[in-house]
Every structure is written in C-alpha cells, then in structure tokens.
Amino acid sequence: MDNNATTRVDPRVLGAMLPYFSEQYGNAASNSHTFGWTAGDAVDKARTQVAELIGADPSEIIFTSGATEADNLALKGVAEAYAEKGNHIITTAIEHKAVLDTAKHLEREGKSVTYLPVDQYGMIDLQQLKDSITERTILVSAMYGNNEIGTLDNIDEIAEICHERGVIFHTDATQAIGKIPINVKTQKIDLMSLTAHKMYGPKGIGALYVRRKEPRVRLALQMDGGGHEHGMRSGTLNVPGIVGFGEACQVCSQEMERDRAHTQGMRDRLWEQIQATVPDVSLNGHPTQRLSNNLSIAIRGVDADALLASLSGVALSTGSACTSASVAPSHVLLALPNAAQVIGSSIRLGVSRFTTKAEVDQVASLIAPAVARLRGVAAVTP
C-alpha cells in the first residue's frame with residue numbers, strides 16, 4: 001500500500017530487460033560490432049516508446065538515472081544557460097525535495113527563487129503566479145501530481161501563463177506519467193522529469209524531456225564526459241534499465257484507462273471502508289482532481305508513526321519516501337493552510353494495477369481496530 005513510493009516491476013517489463021543483462025550485453029556507444037549495434041537499437045526503440053507516451057519526439061528524450069537527476073539538470077541547466085536573460089526562478093512550496101533542494105542550491109549561488117504557497121488542496125493561485133513573474137524570470141517549475149497528497153495542479157493553465165510571458169516551464173511528472181494522458185506539445189510543457197519505478201518499471205532510470213523547437217530549450221550540461229545524450233548527460237547508458245523504461249511506457253500507453261479505472265476503484269473502496277469504520281478522518285488533497293492511486297488521510301487524535309508501527313504487516317507511509325529518514329514534519333503538509341490539523345496524524349496509502357479487493361479489505365479491517373486502540377475507544381463496526 002505504498003505504491004506512490006515505488007511500484008512492482010511488471011513481469012512484461014522484466015521479460016524485456018533480461019536479455020540485456022546477459023546475451024545482449026553490449027555498450028550502446030560501441031559502434032564497431034553487433035553487440036553495440038543491438039544495444040543501440042534497443043535504446044532507440046525505448047526512446048521512441050517513452051516519447052510516444054508523452055507526445056514528444058524521440059530526440060527530445062534525455063535518459064538520466066531518475067527524476068532527481070532530471071530535476072537537477074532542468075533547473076541548474078536553465079539557470080546557467082539563461083543567466084544573461086535573468087536569474088529568477090519560481091516554484092511551489094510543495095515540490096519534491098529534488099526540486100526544492102536544487103532551488104536552495106541555486107539561491108546559494110545568487111539566484112532568486114520565489115516559492116508560491118498553496119491552498120487547502122495543494123494548488124497554487126494562478127493570479128499569484130502571474131504577479132510573481134518579472135522580466136528576470138527564466139523558469140517556472142510546478143509539480144504535475146503531488147507525491148504525498150495526490151493533488152493534480154492546473155498544469156495546462158500554468159504552462160499557458162509561462163508561454164504568454166516567454167518563461168520556460170518545467171514540471172516534475174514523476175507521479176503522473178503513465179497514469180493520466182500527457183501531451184507535452186499541446187500542453188506547452190518545455191521540460192518534464194520522468195522516472196520508471198513509479199510506473200511499474202525498474203529503479204535507477206529516468207528521463208528529462210527537453211523541447212527542441214517553438215521554443216528550443218537550451219541547457220548547460222551538468223556532467224562532463226563522453227558527450228552522451230546529445231551532450232546533455234554523459235555516462236554509459238543503462239541499457240537494461242532503458243529497455244525496461246520503454247516497455248513500461250508501452251504497457252502504460254496500452255492499459256492506462258484500465259489501470260486508472262482499477263486503481264481509482266481500489267482507492268475509493270479503501271476510502272469508503274475507512275470512513276465507515278474510523279471516526280474523525282479527513283482527506284488530504286483535492287477530492288477529485290487527484291492521482292487515481294493516491295489516498296492521503298488525516299486521522300485526528302492518532303499519531304501516524306504509532307499507527308504505522310501497529311500495522312507492521314502493511315506497507316504504507318506518512319509521506320514521501322525520499323524524506324522518510326528525516327524526523328522533520330512533511331513540508332507538503334506544513335504548507336497546507338490546515339497544517340495544524342493534519343501534521344503528525346496523516347498517512348499515505350497508494351494502490352497499483354496489482355492491488356486486489358482482498359488486499360484492500362484486509363488493510364481496511366486492520367486500520368480501524370488499530371486506530372481504536374490508539375485512541376483508547378471501541379472500534380466502530382461497519
């Protein structure tokens with residue numbers, strides 16, 4: 001039940017990857033023999049599969065080690081490449097740490113960063129975004145779907161505002177990719193960070209979409225080396241991972257609507273059962289404009305860490321896996337206007353294409369008595 005942290009690799013994805021660990025183990029940059037050619041062809045195919053899922057051209061896909069590297073390349077790459085134009089970046093208070101920590105790094109280097117607040121649903125005010133853009137603004141970075149509370153922001157409107165003002169728009173689409181239809185061209189997205197392991201692919205492989213025309217986005221390279229990936233990301237390509245990423249995109253493109261219907265059904269079933277058996281529980285994030293597999297809830301009067309400890313047989317979390325080592329409260333929940341009511345009592349549950357009704361029912365049946373024990377009251381019978 002922690003599928004917003006990571007997902008199981010789909011068997012079809014694993015099957016596509018396996019030959020490239022053993023029989024076809026060539027380096028995609030080796031152009032003098034069949035092993036290299038075969039690896040290079042596999043990378044080309046995967047690049048096309050990733051591009052087709054988001055409406056991009058294959059030449060606009062830059063493979064990285066994951067979305068964290070893609071976020072770094074996007075923000076730092078733009079900040080350096082457009083330094084003569086401006087030094088102002090706008091982002092939101094609930095971005096993933098890969099964006100926020102990169103923004104803090106750029107501030108230490110003298111860049112100016114505006115962190116837009118969010119409303120009770122985790123969405124920014126579009127008028128405030130417009131008012132924050134100046135002649136020195138070069139980039140806006142806003143998350144497509146929030147990894148903790150599940151809210152899907154108004155990406156189309158944000159992108160339109162950026163294009164009207166001649167500002168580059170980047171979105172971290174880690175949680176949204178493969179779950180909802182995305183077309184970078186029609187949605188006017190200039191840069192987009194992706195990763196495979198949130199969409200039934202392997203860990204350690206991601207990509208950055210970089211628009212090549214209307215407008216062409218320039219990036220200052222962040223890794224020196226052999227000039228791989230159009231010179232934007234040097235390093236030997238992770239061929240098995242790239243093949244798996246491509247296959248995961250192919251499967252998602254074919255099964256997206258079925259996946260959405262299934263995960264939304266499982267999420268809603270879980271939420272209905274929790275509501276029926278757990279008093280004083282509320283939903284975090286937007287009630288409808290949200291990721292279909294995400295359920296973030298606040299259970300009043302219950303310490304979330306204590307609840308997780310009492311549910312030792314269930315994998316769930318109190319927030320982002322990328323900051324779980326920290327004892328600090330979730331920055332996403334702290335940014336909400338009702339932070340005082342949800343900090344310390346919120347848990348995140350995430351379902352997947354593999355989640356079953358039996359698993360949902362089992363988890364729901366465990367949460368109610370655990371909450372009752374922690375509150376010192378009798379459990380509610382549905």
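What's counted below: heavy atoms across the whole structure, side chains too, no hydrogens, waters or symmetry copies.
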Next item on the list: Please check if atom CZ in F35 has more than 12 non-hydrogen atoms from other residues, nucleotides or ligands closer than 6.0 Å.
Entry: no
Notebook entry, point to check: For the side chain of T102 and the backbone of A98, is there at least one donor-acceptor N/O pair under 3.5 Å apart?
Noted result: yes
Next item on the list: Look at E255 together with R12 and state whether they make a salt bridge at an N to O cut-off of under 4.0 Å.
Entry: yes
Margin query: Strictly below 4.0 Å, N to O, side chains only: are E160 and K188 in salt-bridge contact?
Written below: yes
Checklist line | Verdict with supporting geometry, D190 and H163, side-chain hydrogen bond (donor to acceptor under 3.5 Å, both in side chains) | finding: CA-CA 9 Å; D190 300 313; H163 272 238; 3.0 Å; yes
Item checked: Residue pair L307, I299: steps toward the side-chain contact (heavy atoms from CB on, under 4.5 Å) verdict -> CA-CA 10 Å; L307 179 58; I299 305 174; 3.7 Å; yes
Notebook entry, point to check: What are the two closest non-hydrogen atoms of L374 and S310, and how far apart are they?
Noted result: CD1-OG, 4.4 Å
Check: Is the shortest heavy-atom distance from the side chain of D101 to the side chain of L75 under 4.5 Å?
Finding: no
Item checked: Plane angle bin for F354 and Y200 - parallel if under 30°, tilted between 30 and 60°, otherwise perpendicular -> perpendicular
Next item on the list: Please report the closest heavy-atom contact between T263 and S292, naming both atoms and the distance.
Entry: OG1-OG, 2.8 Å
Notebook entry, point to check: What heavy-atom pair brings D119 and L336 nearest, and what distance separates the two atoms?
Noted result: O-CD2, 3.8 Å
Check: Is there a donor-acceptor pair under 3.5 Å between the side chain of R269 and the backbone N or O of V360?
Finding: no
Note to self: Can you tell me if Q254 has over 12 outside heavy atoms packed within less than 6.0 Å of its CD?
What the structure shows: yes
Margin query: Checking side-chain polar atoms at under 3.5 Å, does D2 have a donor or acceptor matched by the opposite partner on S317?
Written below: yes
Next item on the list: Taking the side chain as every heavy atom from C-beta outward, state whether I90 and T137 have any atom pair closer than 4.5 Å.
Entry: yes
Check: Just checking, any donor-acceptor pair under 3.5 angstrom between side chains of T6 and H197?
Finding: yes
Note to self: Please find the pair of heavy atoms, one from A79 and one from I89, that lie closest to each other, and give the distance.
What the structure shows: CB-CD1, 4.3 Å
Checklist line | Heavy atoms from other residues, nucleotides or ligands near CD of Q127 exceed 12 (cutoff 6.0 Å) | finding: yes
Next item on the list: Apply side-chain hydrogen bond (donor to acceptor under 3.5 Å, both in side chains) to T355 and E359, showing your working.
Entry: CA-CA 7 Å; T355 302; E359 290 171 335; 4.6 Å; no
Next item on the list: Take Q222 and N72 through the test side-chain hydrogen bond (donor to acceptor under 3.5 Å, both in side chains) and record every step on the way to the result.
Entry: CA-CA 8 Å; Q222 301 300 305; N72 273 261; over 6 Å; no
Check: Does the side chain of I54 come within less than 4.5 Å of M192's, by heavy atoms?
Finding: yes
Note to self: For a 4.5 angstrom cut-off between non-hydrogen side-chain atoms, does R290 reach R267?
What the structure shows: yes
Notebook entry, point to check: Would you find a donor on one side and an acceptor on the other, under 3.5 Å apart, between the side chain of N293 and the backbone of V351?
Noted result: yes
Next item on the list: Specify the closest pair of heavy atoms between A298 and V342, including all atoms of both residues, with the distance to one decimal.
Entry: CB-CG1, 3.7 Å
Next item on the list: Please report the C-alpha distance between L191 and T171 in whole Å, then the side-chain angles of each, then the deciding distance to 0.1 Å, and finally whether the side-chain contact (heavy atoms from CB on, under 4.5 Å) criterion is met.
Entry: CA-CA 6 Å; L191 296 164; T171 183; over 6 Å; no
Notebook entry, point to check: Any luck finding a side-chain donor-acceptor pair between S296 and N284 under 3.5 Å?
Noted result: yes
Notebook entry, point to check: Which value, rounded to the nearest 0.5 Å, describes the distance between I297 atom CD1 and L295 atom CG?
Noted result: 5.5 Å
Notebook entry, point to check: Should we say atom NZ of K185 is surrounded by more than 12 heavy atoms from elsewhere, each under 6.0 Å from it?
Noted result: yes
Note to self: If you define the side chain from C-beta out and look only at heavy atoms, does anything of V50 sit under 4.5 Å from L194?
What the structure shows: yes
Check: Hey, does R212 have a side-chain heavy atom less than 4.5 Å from the side chain of S59?
Finding: yes
Next item on the list: Report yes or no: does R348 contribute a side-chain atom to a donor-acceptor pair with the main-chain N or O of I149 at less than 3.5 Å?
Entry: no
Notebook entry, point to check: Are side-chain N/O atoms of Y144 and Q187 paired as donor and acceptor at under 3.5 Å?
Noted result: yes
Item checked: Sidechain-backbone polar pair: K198 side chain, N4 backbone, donor-acceptor under 3.5 Å -> yes
Notebook entry, point to check: Between Q24 and T38, is there a donor-acceptor pair closer than 3.5 Å when you use the side chain of the first and the backbone of the second?
Noted result: no
Check: Is D259 salt-bridged to K179, going by a charged N under 4.0 Å from an acidic O?
Finding: no
Margin query: Before you tell me yes or no, could you show the steps for H286 and M123 under side-chain contact (heavy atoms from CB on, under 4.5 Å), namely the whole-Å CA-CA distance, both residues' side-chain angles and the distance that decides it to 0.1 Å?
Written below: CA-CA 8 Å; H286 199 282; M123 305 176 80; 3.7 Å; yes
Next item on the list: Compute whether any side-chain donor of one residue and acceptor of the other, for D153 and Q289, lie under 3.5 angstrom apart.
Entry: no
Margin query: With side-chain hydrogen bond (donor to acceptor under 3.5 Å, both in side chains) as the criterion, how do T195 and T174 come out once you've worked through the C-alpha distance, each side chain's angles and the decisive distance to 0.1 Å?
Written below: CA-CA 6 Å; T195 199; T174 301; over 6 Å; no
Check: With distance as the sole test, does R47 use its side chain to make a donor-acceptor pair with the main-chain N or O of I61 at under 3.5 Å?
Finding: yes
Check: Distance-only, no hydrogens or angles: does the E247 side chain make a donor-acceptor pair with backbone N or O of G244 under 3.5 Å?
Finding: no
Check: Do side-chain atoms of N238 reach the backbone of G241 as a donor and acceptor pair under 3.5 angstrom?
Finding: yes
Item checked: Check: Q362/S365 side-chain N/O donor and acceptor closer than 3.5 Å -> no
Margin query: How about NZ on K45, more than 12 heavy atoms from neighbouring residues, nucleotides or ligands closer than 6.0 Å, or not?
Written below: no
Notebook entry, point to check: Do NZ/NE/NH1/NH2 and the carboxylate oxygens of R353 and D10 come within less than 4.0 Å?
Noted result: yes
Notebook entry, point to check: Quick one: are C249 and M199 in side-chain contact, heavy atoms under 4.5 Å?
Noted result: yes
Next item on the list: For atom CD of E109, decide whether the heavy atoms of other residues, nucleotides or ligands shown that lie under 6.0 angstrom number more than 12.
Entry: yes
Note to self: Closer than 3.5 angstrom, by distance alone: can the side chain of S65 be matched with the main-chain N or O of G204 as a donor-acceptor pair?
What the structure shows: no
Next item on the list: For S193 and D71, test the side chains for any donor-to-acceptor distance below 3.5 angstrom and give the result as yes or no.
Entry: yes
Margin query: Taking the cut-offs as 6.0 angstrom to the six-membered ring centre and 45 degrees off its axis, would you call R218 and Y82 a cation-pi pair?
Written below: yes
Margin query: Pairing donors with acceptors under 3.5 angstrom, does anything connect the side chains of Q175 and N147?
Written below: no
Item checked: Electrostatic pair R233:E69 at N-O distance under 4.0 angstrom -> yes
Notebook entry, point to check: Are V217 and V99 linked, directly or through other ILVMFWY residues, by side chains that come within less than 4.5 angstrom of each other?
Noted result: yes
Check: Do the side-chain N and O atoms of S132 and T114 include a donor-acceptor pair separated by under 3.5 angstrom?
Finding: no
Margin query: Return the CG to CG distance between N3 and L316, rounded to the nearest 0.5 Å.
Written below: 11.0 Å
Note to self: Counting the benzene-type ring for Trp, do Y25 and Y20 have ring centres under 6.0 Å apart?
What the structure shows: no
Item checked: Closest non-hydrogen atom pair, G145 against L152 -> CA-CD2, 3.8 Å
Item checked: Verdict with supporting geometry, T91 and Y115, side-chain contact (heavy atoms from CB on, under 4.5 Å) -> CA-CA 5 Å; T91 188; Y115 300 90; 3.5 Å; yes
Next item on the list: For residues L73 and L219, determine if any side-chain heavy atom of one lies less than 4.5 Å from a side-chain heavy atom of the other.
Entry: yes
Next item on the list: Consider only side-chain N and O atoms of S330 and E148, and report whether a donor and an acceptor are under 3.5 Å apart.
Entry: yes
